[in-house]
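Only a predicted model underlies this, so the values are computations on that prediction, with no experimental measurement involved.
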Amino acid sequence: MPVSTAVRPLTVAPAEVFAENLTTHTERENYYASRHQLGGWLRVLLFGGGAAGAWVLFSGGQIAAAVALIGVVWVLFAVLVRWHSGVSYQREHHRLLARLNQDELDRLAGKLSGFDPGLRYLDAQHPYAADLDVFGAHSLFQLLNRATTRLGHDWLAGWLLAPARPAEVQARQQAAAELAPDVAWLQEWQARARHFPRQQADPREFSAWLARPDFFAGKPWLKPLLIVLPILVFLSIGAWIVGLGFYALIVVQLIVGVLNSRLAPVRNEYAEQATAMRDALRATQAQLAHFEQDPDRQWQAPRLQQLRATLQAASHGAAATQRLGQLSSVAGLFRGREHPLGALLLNNLLLWDLHAVWQLERWKRGLGPELTTVLEVQAELEALVSLAGWQFANPTYTTPELSAEQLEVTATELGHPLIFTTNRITNDFHTVGLAQTVVITGSNMAGKSTFLRTLGLNMVLAQAGAVVCARHFRLSPAQVFTAMRTQDNLAESTSSFYAELKRLKLLLDLSAGELKNKKEELTIEGGTASNQPAPKNETPTPKNEQPPVFYLLDEILKGTNSLDRHRGARALLRQLHQRRAAGLVSTHDLELAALEAEWPGQVRNFSFNSTFSNGQIHFDYHLTPGACQAFNASQLMQLMGIDVEG
């Protein structure tokens with residue numbers, strides 16, 4: 001029962017596709033489950049019948065017939081085991097595919113709690129990640145991420161944490177657009193890796209470990225011993241069996257025991273590294289085979305062609321999956337250690353672990369130096385599959401256009417991708433040029449902060465190469481920066497006001513080009529920043545070519561009195577207008593809106609408004625030109641039972 005690979009047009013309702021696939025794969029899972037159960041009974045019956053038949057024949061003195069029956073049963077049992085393993089794989093594969101389609105339905109419904117929140121990538125000093133819900137509960141990462149491997153998660157997070165250059169954005173857009181219509185291919189890619197759940201180890205660390213000097217280097221005496229000693233072991237066992245004494249066996253075993261003991265740290269290190277990486281390597285092999293060996297695929301997008309060519313170059317013309325399969329097999333040699341008795345016999349008879357060490361070092365002289373390249377190709381494909389899956393699931397979203405203007409952001413029917421409702425409110429917006437500030441005033445809960453996050457999140461998506469929640473979206477390269485959720489820090493004796501000042505200092509540094517490229521300085525491990533170099537999924541941008549800053553500031557300087565707040569905000573905006581920056585500021589202070597008249601051509605006013613009638617406050621959540629003229633704080637306090645007039 002092969003999986004259909006028919007390409008569906010993006011006009012098909014994604015929810016219908018996912019629901020249909022869920023039903024189909026659940027039915028196939030049940031079908032293979034019944035065959036799996038049948039296979040189990042057949043194995044029991046074949047083994048039991050063969051044993052009984054052999055016993056009867058042996059009892060009747062028909063030795064030749066008994067041996068022949070055992071041989072036939074052994075062959076049939078091996079064939080049955082192979083068939084049963086295939087059925088088991090198909091049952092698990094369709095279970096995983098059904099789970100993937102249920103995941104897609106959950107995403108469409110906004111049920112994100114079961115997905116990886118990516119908290120390990122959060123950094124308080126990052127220009128926008130925390131304020132825009134890029135990571136965490138109910139986050140963009142949960143909605144977008146369809147990667148399975150550890151490195152794939154890191155790669156996609158890297159795309160969300162830093163804007164790509166226009167050529168890179170276009171390359172990702174083209175690749176995702178080619179992948180997106182074929183949801184069966186995308187889900188096959190994901191399911192193949194999910195067969196191997198133990199992928200906690202970082203493959204970059206394994207690749208770096210492989211680059212260390214060989215253990216066998218400078219030990220010419222060791223390799224001959226690995227061949228001679230097992231032969232001597234079996235010869236001494238044979239001598240003992242025929243009655244020639246067991247002293248030779250004892251001597252040989254003492255030599256083997258001393259060698260195993262002296263080299264135990266090396267054996268353990270190699271076994272630990274190989275065992276930790278085996279599932280990740282098998283997942284990589286399965287996914288890349290799907291990418292590079294699909295006979296029906298002639299990739300058209302330049303980035304996909306480049307990735308396939310990179311694989312061929314890294315594996316010296318052979319299939320990368322073939323080389324990875326060899327590595328996976330070598331790593332599998334250490335699985336004998338999982339059974340203590342088996343490990344004891346294998347190492348005492350054959351020096352098994354040391355042979356595995358030898359084979360691993362032989363392998364790394366082949367693909368070893370290029371393993372990092374192969375893993376990075378897989379990681380980038382994982383990120384592209386995430387973009388493509390996001391695009392298929394949201395056919396009404398648009399592919400952003402890239403502008404050559406300075407700091408242009410033009411949006412039509414712009415919506416928040418993390419608001420899941422059939423009647424999502426959208427807005428149009430336009431700004432272009434440096435030294436431009438849009439001041440947004442409005443009453444409480446009218447939608448000011450949400451609009452800032454809406455614009456920021458879609459800019460992050462656009463510069464990662466993804467489709468955005470809008471009918472039309474056009475932007476030029478920009479470094480998004482936010483100051484929205486500053487909080488006090490008791491551990492550092494920092495008030496919320498001082499924390500906000502530190503945040504604004506970061507903005508001034510960034511707009512002056514003083515901050516380093518985030519891709520160069522941060523790799524997030526376990527929720528904290530480390531000094532390890534980040535995976536280079538894109539050539540770092542030189543500091544003098546950094547894009548201008550687009551800031552989103554929500555209720556700035558709210559921790560001080562109104563006079564200081566107004567004076568400070570004016571001073572901040574004046575300074576920002578002298579730098580390569582532009583952006584939005586939301587505020588309750590109408591005094592800040594007066595800057596439109598004072599700084600014509602640099603400041604524009606927009607607002608979100610509300611009305612109060614019949615004891616209720618009504619919001620329309622529409623961005624309106626001009627400053628807000630009506631605020632609702634008094635009405636809200638009255639609704640809470642506070643007598644404002646008293």
Side-chain angles (χ1 to χ4, degrees), residues 107 110 112 115-145 153 156-164 169 386-387 390 394 397 400 407 409 411 414-420 424-427 429 431 438 440 447-470 473 475 477-487 499-500 503-504 506-507 510-511 515 518-519 522 524 527 529 547-556 581-586 608 621 623:
R107 286 191 182 95
L112 305 180
F115 299 104
D116 178 10
L119 292 173
R120 58 196 175 277
Y121 304 115
L122 275 177
D123 170 35
Q125 301 301 309
H126 190 268
Y128 56 79
D131 286 337
L132 297 183
D133 299 312
V134 177
F135 304 103
H138 201 76
S139 66
L140 183 65
F141 186 72
Q142 291 179 304
L143 192 60
L144 194 65
N145 180 34
H153 291 178
L156 177 63
W159 287 5
L160 296 176
L161 285 169
V169 171
S386 291
L387 298 190
W390 162 258
N394 298 280
Y397 288 8
L407 277 187
V409 182
L414 183 70
H416 197 305
L418 288 169
I419 294 178
F420 301 93
R424 179 194 287 125
I425 303 297
T426 61
N427 284 286
F429 179 77
T431 185
V438 173
I440 301 180
K448 302 187 303 297
S449 301
T450 299
F451 180 73
L452 264 59
R453 291 191 177 93
T454 298
L455 186 58
L457 263 184
N458 281 289
M459 292 181 70
V460 170
L461 280 169
Q463 296 188 99
V467 295
V468 300
C469 183
F473 197 77
L475 83 163
Q479 172 61 67
V480 177
F481 184 92
T482 62
M484 305 179 75
R485 289 173 172 163
T486 51
Q487 297 178 344
E500 184 177 6
R503 185 73 181 169
L504 295 177
L506 285 176
L507 170 59
L510 186 61
S511 60
L515 286 187
K518 284 292 177 181
K519 284 190 178 214
L522 288 177
I524 307 302
V549 175
F550 194 88
Y551 50 82
L552 301 166
L553 311 180
D554 186 30
E555 299 291 350
I556 56 173
L584 282 70
V585 176
S586 72
F608 286 94
Y621 303 112
L623 185 67

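Taking every heavy atom of both residues into account, L407 and A478 meet most closely at CD2-CB, 3.5 Å. In terms of heavy-atom proximity, R503 sits nearest to T482 at NE-O, 2.8 Å.
Taken to the nearest 0.5 Å, the CZ atom of R107 stands 10.5 Å off from the CG atom of N394. Expressed to the nearest 0.5 Å, how far CG of L507 lies from CG of L552 amounts to 10.0 Å. The CG atom of L144 sits 9.5 Å away from atom OG of S139, with the distance rounded to the nearest 0.5 Å. Taking CG of L504 as the start and CG of L510 as the end, the distance is 12.5 Å to the nearest 0.5 Å. Note that CD1 of I419 is 10.0 Å distant from CG of L457, once rounded to the nearest 0.5 Å. How far CG of L452 is from CG of D131: 10.0 Å, rounded to the nearest 0.5 Å.
Residues that satisfy the side chain to side chain donor-acceptor pair (under 3.5 Å) test with S586, not counting sequence neighbours, are D554. By the salt bridge (charged side-chain N to carboxylate O under 4.0 Å, His left out) test, D133 pairs with R485, sequence neighbours left out.
Using a 4.5 Å heavy-atom cutoff, the side chains of V467 and F473 are not in contact. You'll find the side chain of H138 stays beyond 4.5 Å of the side chain of L143, heavy atoms only. Within the 4.5 Å cutoff, side-chain heavy atoms of E555 are placed close to those of K448. A heavy-atom distance below 4.5 Å is found between the side chains of V409 and M459. Residues T431 and F550 are in side-chain contact: their nearest non-hydrogen atoms beyond the backbone lie under 4.5 Å apart. Within the 4.5 Å cutoff, side-chain heavy atoms of P417 are placed close to those of W390. Counting heavy atoms from C-beta outward, L161 and V460 have side chains that stay 4.5 Å or more apart. No side-chain heavy atom of H416 sits less than 4.5 Å from a side-chain heavy atom of F451.
Within the structure, side-chain hydrogen bond (donor to acceptor under 3.5 Å, both in side chains) pairs that include any residue of residues 450-459 do not occur (at least two apart or interchain).
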Give the intermediate values and the outcome of side chain to side chain contact (heavy atoms under 4.5 Å, CB included) for residues Y397 and L461.
CA-CA 11 Å; Y397 288 8; L461 280 169; over 6 Å; no
Check step by step if side chain to side chain contact (heavy atoms under 4.5 Å, CB included) holds for Y551 and I556.
CA-CA 12 Å; Y551 50 82; I556 56 173; over 6 Å; no
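Using a 30° and 60° split on the angle between ring planes, H153 and F141 fall in the perpendicular class, above 60°.
Under a cutoff of 6.0 Å and an axis angle of 45°, R424 and Y621 do not form a cation-pi pair.
The residue from Y121, Y128, F115 that alone fulfils the ring-ring contact (aromatic ring centres under 6.0 Å, His included) condition with F135 is Y121.
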